[in-house]
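What follows is a set of notes on a single structure, which appears directly below.
Order of the sequence lines sets the chain letters (A, B, ...), proteins ahead of strands, with each chain counted from 1.
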Number of protein chains: 2
Amino acid sequence: MSAKARPTYSAIAKAAGVSEATVSRVLNGDERVNPERTAAVLKAVDDLGYRKNRAATALASGRTGLIAVVIDDDLSIFDDPFWGTVTSGISRVLMENHLQTVLMVTSVNNVDGPVAHYLESREVDGAIFFQLHKDAMVRKLAKAGLPIVITGSPHTDADLTFVDTDNFGGGYAATKHLMNRGCKKVAIITGDIETTAGHQRLDGYNQVYRELGRVPAKTLVKQGDYSYESGHIQMQHLLAENPDVDGVFACNDLMALGAIAAIEEAGKSVPGDVAVIGFDDSIPARTSRPQLSTVRQDINALGEAAAQLMIAQLNGELVESRIMPIELVLRESA
Amino acid sequence: MSAKARPTYSAIAKAAGVSEATVSRVLNGDERVNPERTAAVLKAVDDLGYRKNRAATALASGRTGLIAVVIDDDLSIFDDPFWGTVTSGISRVLMENHLQTVLMVTSVNNVDGPVAHYLESREVDGAIFFQLHKDAMVRKLAKAGLPIVITGSPHTDADLTFVDTDNFGGGYAATKHLMNRGCKKVAIITGDIETTAGHQRLDGYNQVYRELGRVPAKTLVKQGDYSYESGHIQMQHLLAENPDVDGVFACNDLMALGAIAAIEEAGKSVPGDVAVIGFDDSIPARTSRPQLSTVRQDINALGEAAAQLMIAQLNGELVESRIMPIELVLRESA
DNA sequence: CGCAAGCGTGAAACCGATTTCACAATAATA
DNA sequence: TATTATTGTGAAATCGGTTTCACGCTTGCG
């Protein structure tokens with residue numbers, strides 16, 4: 001009656017005059033099938049418009065064709081375009097390799113929660129995690145043999161595969177630029193120091209001082225939380241404690257903008273009196289006045305790299321973590 | 001030797017002293033199983049730490065437990081936090097209902113491309129699409145019986161289920177507010193008019209004029225493309241053609257900021273000479289100076305609503321599209 | 001020339017659930 | 001009380017692929 005039932009191996013086998021086993025071999029690229037048979041199978045597949053049933057494949061082979069992308073609830077996902085861009089880079093590369101992206105936005109803290117269970121159950125072939133505060137769960141999964149890639153640096157030195165922006169290099173480049181342009185007293189407004197990324201940017205800043213044989217005054221190092229407001233407040237403190245501060249490296253653009261506001265409110269000019277440089281090259285960096293000089297990370301490339309490392313792992317290749325280069329974007333503020 | 005092999009129905013059935021069929025019934029909430037047997041099964045499940053194999057379930061039942069979220073390549077995803085927020089709202093609600101989100105970032109134009117094939121093949125139980133320029137593929141899939149929800153309004157009046165922000169209401173509220181605050185000559189910088197959303201915001205603007213028995217001059221309606229630059233340029237045109245324009249509704253925040261820049265460059269003040277109101281309540285709206293008055297949409301709720309409509313469809317309920325309310329956020333610019 | 005190794009192939013077992021169907025036990029009806 | 005529904009249950013078929021195993025045949029080597 002209805003010819004709309006999807007064809008199965010049985011139909012292909014019949015049409016091509018071979019066994020189902022041979023159909024499977026052809027469709028999985030087994031080399032040692034007779035070319036004529038191979039051709040017959042491929043023709044039948046084409047004629048009948050056959051497409052594999054993924055559930056059946058998954059059940060029989062144990063491979064689901066799915067990769068989880070796990071994003072911690074904690075991340076300020078809700079207004080940061082960062083993760084969206086990374087994720088779309090991941091998704092594109094995975095799709096090109098016939099893998100699908102399963103997106104999970106949840107609390108990653110719980111080593112025994114539903115997400116952990118889901119991943120342990122091998123309902124995915126691998127998992128890509130976004131920077132996390134606690135990596136206990138990830139380490140557990142990795143130990144259990146699940147292929148894993150972390151976007152952002154892991155806390156511990158456990159040999160987890162990761163991709164990350166060159167945070168150290170970014171902090172270094174920004175600070176160095178401020179020094180080179182003549183700043184004498186360069187401050188830093190850090191992000192979350194608990195985070196590896198936050199720490200590394202601070203390290204880059206310190207390294208510049210070290211190379212100059214100097215040590216930054218304690219009052220030049222302020223801790224923010226990546227918010228506009230924290231940039232604003234910490235800058236006020238900086239100005240109060242160091243009236244002659246003439247350069248600021250803010251660890252993200254938002255804090256940089258907050259800092260600029262504070263500087264101008266104090267009757268000083270940017271970059272005339274105080275040069276400011278941010279991190280991320282986000283949209284506001286381009287539209288603010290003065291336009292913000294900043295450290296750009298190629299977020300899309302970050303996602304692509306993460307996906308590629310995952311694929312390499314699935315292919316059983318030996319993979320090494322990658323640090324993606326940054327680029328200093330000079331506009332008006334420094 | 002190794003006790004780590006995952007238990008299956010067979011093990012549960014043996015431990016509980018029932019058949020596999022009964023195990024299945026218990027685990028799928030079939031009411032008519034003897035309570036004692038039910039308890040025995042549940043105990044066995046707990047004791048053995050059993051968890052279902054999704055691939056097997058999918059193969060046997062036809063339900064994959066996966067919902068696709070399809071995002072068009074064309075969308076300026078790469079720096080718009082909008083879709084990320086919506087997606088995370090979707091993901092959270094789906095997870096609560098034991099469904100996983102499959103993220104697909106690709107070109108949706110191709111009615112016969114890999115995405116279409118993937119979705120047609122029933123490798124997912126349903127699909128949520130983001131606003132699209134062409135909905136041919138979506139309609140095809142819907143006709144094929146795939147549960148579908150669209151985030152953003154569909155082009156045609158086909159009876160596709162969708163959730164959308166009240167774009168008309170937003171345009172109306174913004175324009176009305178400008179009028180109420182005393183503006184005599186209110187202009188609009190539209191977004192992409194081809195888009196339903198863009199068109200609806202313009203309709204809201206026109207409606208205010210209509211209710212006042214007026215018709216906006218042609219020169220007061222300018223078309224932008226949602227970019228900062230287009231806001232800047234169109235505002236320059238507006239000022240040139242209408243030196244006495246005193247209110248502007250820009251169809252997104254970015255264009256509003258561009259407009260403000262143009263106004264200030266022309267030696268006028270905001271909101272003193274020209275009041276400006278945007279749309280989205282994005283980050284820059286809060287950090288710019290003057291702070292931007294804007295139309296806020298509850299993006300997270302939008303995602304949640306989309307997921308809920310999907311779940312309702314899966315449950316066979318009759319669903320109706322939803323329009324989510326907007327909120328006027330008044331800051332400094334109007 | 002004889003025997004071991006290698007190759008291509010199909011039959012059948014298998015992956016782990018769901019679902020149909022038949023059957024026995026019980027309740028409802030005549 | 002005889003008969004028909006109803007109910008709970010297990011055996012077995014089923015979903016659509018993958019993979020093991022054995023078989024027949026060709027090739028290589030001593």
Side-chain angles (χ1 to χ4, degrees), chain A residues 4-42 44-45 48-66 98 117-118 120-125 314, chain B residues 4-42 44-45 48-66 98 117-118 120-125 314:
Chain A
K4 68 182 173 185
R6 284 179 59 188
T8 68
Y9 268 20
S10 147
I12 303 290
K14 195 170 299 176
V18 301
S19 73
E20 298 188 19
T22 297
V23 175
S24 176
R25 291 188 182 107
V26 171
L27 263 42
N28 290 306
D30 191 321
E31 297 294 342
R32 51 193 183 174
V33 177
N34 178 309
E36 285 179 29
R37 284 189 160 89
T38 300
V41 169
L42 293 179
V45 164
L48 279 64
Y50 173 79
R51 233 161 299 130
K52 266 194 204 176
N53 177 317
R54 184 159 295 196
T57 304
L59 177 57
S61 71
R63 273 169 273 113
T64 62
L66 301 175
H98 306 287
H117 287 319
Y118 183 80
E120 276 174 339
S121 306
R122 292 300 180 145
E123 297 194 13
V124 294
D125 294 343
L314 294 177
Chain B
K4 68 183 174 185
R6 283 180 60 190
T8 68
Y9 269 18
S10 146
I12 303 290
K14 195 169 300 176
V18 301
S19 73
E20 298 189 19
T22 296
V23 175
S24 175
R25 292 188 182 105
V26 171
L27 264 42
N28 289 308
D30 190 321
E31 298 292 342
R32 50 190 185 179
V33 177
N34 178 308
E36 286 179 28
R37 284 190 159 89
T38 301
V41 169
L42 292 179
V45 164
L48 280 65
Y50 172 79
R51 233 161 300 129
K52 266 194 203 175
N53 177 316
R54 187 164 302 214
T57 304
L59 177 58
S61 72
R63 275 169 271 113
T64 62
L66 302 176
H98 306 288
H117 286 321
Y118 183 80
E120 274 174 339
S121 306
R122 294 297 181 148
E123 298 194 12
V124 293
D125 293 342
L314 294 178

task = Return yes if some donor-acceptor pair links the side-chain N/O of A/Arg122 with the main-chain N/O of A/Gly62 below 3.5 Å, else return no.
result = no

request  = Using only side-chain N and O atoms of A/Ser19, determine if any of them is under 4.0 Å from OP1 or OP2 of C/dG10.
outcome  = yes

key: Presence of A/Thr22 side-chain N/O under 4.0 Å of C/dG10 phosphate oxygens OP1/OP2   = yes

query = Which part of the nucleic acid, if any, lies within contact of B/Val23, taking any heavy atom under 4.0 Å across all strands shown: a base, the sugar-phosphate backbone alone, or nothing?
reply = nothing

request  = Would you mind telling me which of C/dA17, C/dT9, D/dT9 lies closest to the side-chain atoms of A/Arg37?
outcome  = C/dT9

Donor-acceptor pair under 3.5 Å, A/Arg32 side chain vs C/dG6 base = no

request  = Establish, with yes or no, whether the OP1 or OP2 oxygen of D/dC15 is under 4.0 angstrom from a side-chain nitrogen or oxygen of A/Asn53.
outcome  = no

note = B/Asn34 atom CG is separated from C/dT26 atom P, nearest whole Å, by 12 Å

Pair B/Asn53, B/Thr57: side-chain N/O donor-acceptor within cut-off below 3.5 Å = no

query = Where the side chain of B/Ala21 is defined as all heavy atoms beyond and including C-beta, which of D/dA11, C/dT18, D/dG16 is the nearest nucleotide?
reply = D/dA11

task = Tell me whether the OP1 or OP2 atom of D/dT18 has a side-chain N or O from A/Ser24 closer than 4.0 Å.
result = yes

inquiry  = Is it true that B/Ser24 and B/Asn28 share a donor-acceptor pair across their side chains at a distance under 3.5 Å?
reply    = yes

Interatomic distance where CZ belongs to B/Arg25 and P belongs to C/dG16 [whole Å] = 21 Å

query = Counting just side-chain N and O atoms, does A/Tyr50 come under 4.0 Å of either OP1 or OP2 of D/dG17?
reply = yes

query = Side chain of B/Ala60: nearest nucleotide among D/dT9, C/dA17, C/dA11?
reply = C/dA17

